[in-house]
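Chain letters run A, B, ... following the sequence lines, proteins first, then strands; residues in each count from 1.
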Protein chains: 2
Amino acid sequence: MARAYHHGALAEAMVEEALAAVREHGADHVSLRAIAQALDVSPSAAYNHFADKDALLVAVGQCGLAALDERMARVLAAHPGDSDDAARARFAGLGRAYIAFAVDEPNLFRLVFGPICAEADMGPESWTGPYAKLVGALDELNDREMLVVGARDGLDVTVWGATHGIASLIIEGYLPREAGDALVDSMGRLALR
Amino acid sequence: MARAYHHGALAEAMVEEALAAVREHGADHVSLRAIAQALDVSPSAAYNHFADKDALLVAVGQCGLAALDERMARVLAAHPGDSDDAARARFAGLGRAYIAFAVDEPNLFRLVFGPICAEADMGPESWTGPYAKLVGALDELNDREMLVVGARDGLDVTVWGATHGIASLIIEGYLPREAGDALVDSMGRLALR
DNA sequence: AGGGCATGTGAACGCCGTCAACATCAATGC
DNA sequence: GCATTGATGTTGACGGCGTTCACATGCCCT
């Protein structure tokens, strides 16, 4: 039975539908009314679950952030081990995963790091997932004395910035896809010894 | 005589008004109708000069890009000379100027590098201004053998990416303002010898 | 002087987000 | 078992939006 909301899961259904719409058309170009119609529900029904359209988009953004975090977690899982090579692979893989997420889901990426989600801080605790993974990888390299001497200072911010910037510039068409791999290589050459 | 459009400069006036609106409220949250009203003109008048709202925003974006380029040009002019120190100052100054532009004009920055302006490519020739200045500064450092050996490969993309990424993350509130200076320092430590 | 063309107007269309009043249904307490 | 209550969904409306089309206006060129 499709008409199961009403003490059902309208909120989740709307997030799901909105997520699909954002992925396809971008956060701008998504209309509350269209989402409601797709769910055979009146437009105003949304307001029982979300303060406004932006609140729904923030919920979508949290899904997107979780997806990014999962990609990065998978990379860590795919390169276990205590060796220098494994540490290097984890570091490079995290960067590649971040960029791959942006390339695969540009509209989601834009929403997650755009003004709507940033303003409503989904908690520094949310994006702490990805960021903590990066810091962890860098600490590991540092502990293994694999970093150029004196490089650790500010390196987390630099690496995050470079990765984020390249990802943004790629999805806006200012740089070709290959720039992603080029960045990871370049970053490795600069920071690793 | 203020009411001088009609074979006047409505197009320029609209860009100017739109520029002000974007700077204050962001490219989303800017309405064609409001701009027209501010200029005492009917909403449909815009369509004699711009294909649609996005075309107007692209024109605004070009102004923004020109402003960025001018900031960077000013930095180069402020640090003339043939010395290593001057070359270093130009390199660091360009990065700082890029970030300062984003911090001072976040809404303009978002528009310039956002989907609207990227899609309508204002010509790789447009943003070539800032990019060429960066490449020039790096070439100069390279000619002076001030770069870490082997670092030049892909460094322009890395530096652009890092600068752009940090700027984005700062204006969305994910990083504090000081991260800008920290990045420039960190980048210098990594790439310069 | 007059025709043509660029420019601006007015009214309308179909969207949009949002709200307030109302309907409906599930669960709870008697 | 039934009424009350609170959560949930509907209806209809409001004002604003981008855009279009038929029409007015006024400058420039011949």
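- Axis angle, first five pairs versus last five pairs of the helix from dA1(C)-dT30(D) to dC30(C)-dG1(D): 10°, rounded to 10°.
- Computed from coordinates, the N48(B) CG to dA24(D) P distance equals 16 Å when rounded to whole Å.
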Q.
One character per nucleotide, please: for nucleotides 11-20 of chain D, 5' to 3', B when the base has a protein heavy atom closer than 4.0 Å, S when only the sugar-phosphate does, - otherwise.
A. B-B---BBBB
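- The NE2 atom of H29(A) sits 17 Å away from the P atom of dC15(C) (whole-angstrom rounding).
- Taking atom CZ of residue F50(A) and atom P of nucleotide dC19(C), one finds them 15 Å apart after rounding to whole Å.
- For S31(A), the side-chain contact (heavy atoms from CB on, under 4.5 Å) criterion is met by R33(A), A34(A), not counting sequence neighbours.
- With sequence neighbours excluded, the residues that form a side-chain contact (heavy atoms from CB on, under 4.5 Å) with I35(B) are M14(B), E17(B), A18(B), V30(B), L56(B).
- Here the closest non-hydrogen pair linking V41(B) and A45(B) is CG1-CB, 3.4 Å.
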Acceptor/donor pairs from residues 101-113 of chain B side chains to any protein atom, 3.5 angstrom cut, sequence neighbours excluded:
from: D104(B); atom 1: OD2; to: R71(B); atom 2: NH1; distance (Å): 3.1
from: D104(B); atom 1: OD2; to: R71(B); atom 2: NH2; distance (Å): 3.0
from: E105(B); atom 1: OE1; to: R23(B); atom 2: NE; distance (Å): 3.2
from: E105(B); atom 1: OE2; to: R23(B); atom 2: NE; distance (Å): 3.3
from: E105(B); atom 1: OE2; to: R23(B); atom 2: NH2; distance (Å): 2.7
from: N107(B); atom 1: OD1; to: R110(B); atom 2: NH2; distance (Å): 3.1
from: N107(B); atom 1: ND2; to: V22(B); atom 2: O; distance (Å): 3.4
from: N107(B); atom 1: ND2; to: R23(B); atom 2: O; distance (Å): 3.1
from: R110(B); atom 1: NH1; to: E172(B); atom 2: OE1; distance (Å): 2.9
from: R110(B); atom 1: NH1; to: E172(B); atom 2: OE2; distance (Å): 2.8

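- Distance, L39(A) CG to dT8(D) P: 16 Å, rounded to whole Å.
- The CG-P distance, from L10(A) to dT24(C), rounds to 18 Å in whole Å.
- Applying the salt bridge (charged side-chain N to carboxylate O under 4.0 Å, His left out) test to residues at least two apart or on different chains, none of the pairs has a partner in residues 157-166 of chain B.
- Between H49(A) and the phosphate of dA7(D), there is no side-chain N or O to OP1/OP2 separation shorter than 4.0 Å.
- The side-chain hydrogen bond (donor to acceptor under 3.5 Å, both in side chains) test applied to E70(B) returns R74(B), not counting sequence neighbours.
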What pairs of donor and acceptor atoms, side-chain ones from residues 179-191 of chain A against any protein atom, are under 3.5 angstrom apart with sequence neighbours left out?
from: D181(A); atom 1: OD1; to: R96(A); atom 2: NH1; distance (Å): 2.9
from: S186(A); atom 1: OG; to: T158(B); atom 2: OG1; distance (Å): 2.7
from: R189(A); atom 1: NE; to: G150(B); atom 2: O; distance (Å): 3.4
from: R189(A); atom 1: NH2; to: D153(B); atom 2: O; distance (Å): 2.9

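- The salt bridge (charged side-chain N to carboxylate O under 4.0 Å, His left out) search around D156(A) returns R152(A), not counting sequence neighbours.
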